[in-house]
There are 2 protein chains.
Amino acid sequence: MNSLFKALNDPTRRSILELLREQPRTAGEIAEHFQFSKPTISHHLDLLRQADLVSSDKQGQFVTYTLNMTVMDELLGWLLQFKS
Amino acid sequence: MNSLFKALNDPTRRSILELLREQPRTAGEIAEHFQFSKPTISHHLDLLRQADLVSSDKQGQFVTYTLNMTVMDELLGWLLQFKS
DNA sequence: TAGTCATTTAGACAAATATCTAAATACCCT
DNA sequence: AGGGTATTTAGATATTTGTCTAAATGACTA
């Protein structure tokens, strides 16, 4: 739960999740959408992976990142505890 | 949205929310549940208030904190955007 | 009015975080 | 093998964060 909230506590990382909502993308494609350096984006992707919010798959030189919804469901459960 | 995720990104603050889920409590009652100093808890309560996750009401010397669900609903909406 | 209690404010400090540049790694192609 | 491309790792730095103690504020009570 800690790594999840930590990962979500950054606007760039939340934007990345919204990008991946549409479709999987490579690290480079993701980086193109932001003004930060590639190492910075790589670091954000690492935190998202640590939180299990995304998974990564290496194909040749490219690394494709995919949104992983299962952890979001956990957050949803935590939230719903307040709705009663 | 920033202040919301920021507020949620701390286990103590999330515990405070869970405490308040049961019933409103004064700052002192909340502080009793933790090992941190009262100023530290006061600071956490301040961040929760900034995120509009709680509201505070001063009655005499006591300040009662109450959970505020409306912002949680906003988070819920953000989450549900991924479920489709 | 003085003393006490509840809470917050102020200021300090160590740890965590977001960012960068430079370098390393890994893969592809000729 | 060598050069180019994609990505990550390493290391540095400024900012933010969580915590503390000491002091201030505000309210009750004798």
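Fair warning: this is a prediction, and the values are worked out from it, not measured in the lab. What's counted below: heavy atoms across the whole structure, side chains too, no hydrogens, waters or symmetry copies. Chain letters run A, B, ... following the sequence lines, proteins first, then strands; residues in each count from 1.
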Which of these nucleotides, dG18(D), dA18(C), dA26(C), is closest to any side-chain atom of Leu47(A)?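 Output: dA18(C).
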
[X] [atom1] to [N] [atom2]: how many Å, rounded?
X	N	atom1	atom2	value
Phe36(B)	dG18(D)	CZ	C1'	8 Å
Gln35(B)	dC20(D)	CD	C1'	15 Å
Gln59(A)	dT7(D)	CD	P	11 Å
His44(B)	dT16(D)	NE2	C1'	14 Å
Asn2(A)	dT17(C)	CG	C1'	15 Å
Asp57(A)	dT8(D)	CG	P	12 Å
Leu48(A)	dT17(C)	CG	P	14 Å
Asp10(A)	dA16(C)	CG	C1'	13 Å

Are [X] and [Y] close enough that a side-chain donor and a side-chain acceptor fall under 3.5 Å?
X	Y	value
Asp52(B)	Gln50(B)	no
Thr40(B)	Ser37(B)	yes
Asn68(A)	Arg49(A)	no

For Gln35(A), is the CD atom crowded, meaning more than 12 foreign heavy atoms sit under 6.0 Å from it?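 No.
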
Do the non-hydrogen side-chain atoms of [X] and [Y] ever get within less than 4.5 Å of each other?
X	Y	value
His43(B)	Leu47(B)	yes
Ile16(B)	Phe34(B)	yes
Leu48(A)	Leu20(A)	no

Would you say Lys6(B) reaches dT17(D)'s phosphate, i.e. side-chain N/O to OP1/OP2 under 4.0 Å?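 Answer yes for this pair, as a side-chain N or O of Lys6(B) is under 4.0 Å from OP1 or OP2.
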
Strictly under 4.0 angstrom, non-hydrogen atoms only: write out the protein contact profile of nucleotides 5-12 of chain C, one letter per nucleotide from the 5' end, B, S or -. BSBBB---

Please compare Ser37(A) and Gly60(A) by the position of their nearest nucleotide in DNA chain C and report the one closer to 5'.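 Closer to the 5' end of DNA chain C: Ser37(A).
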
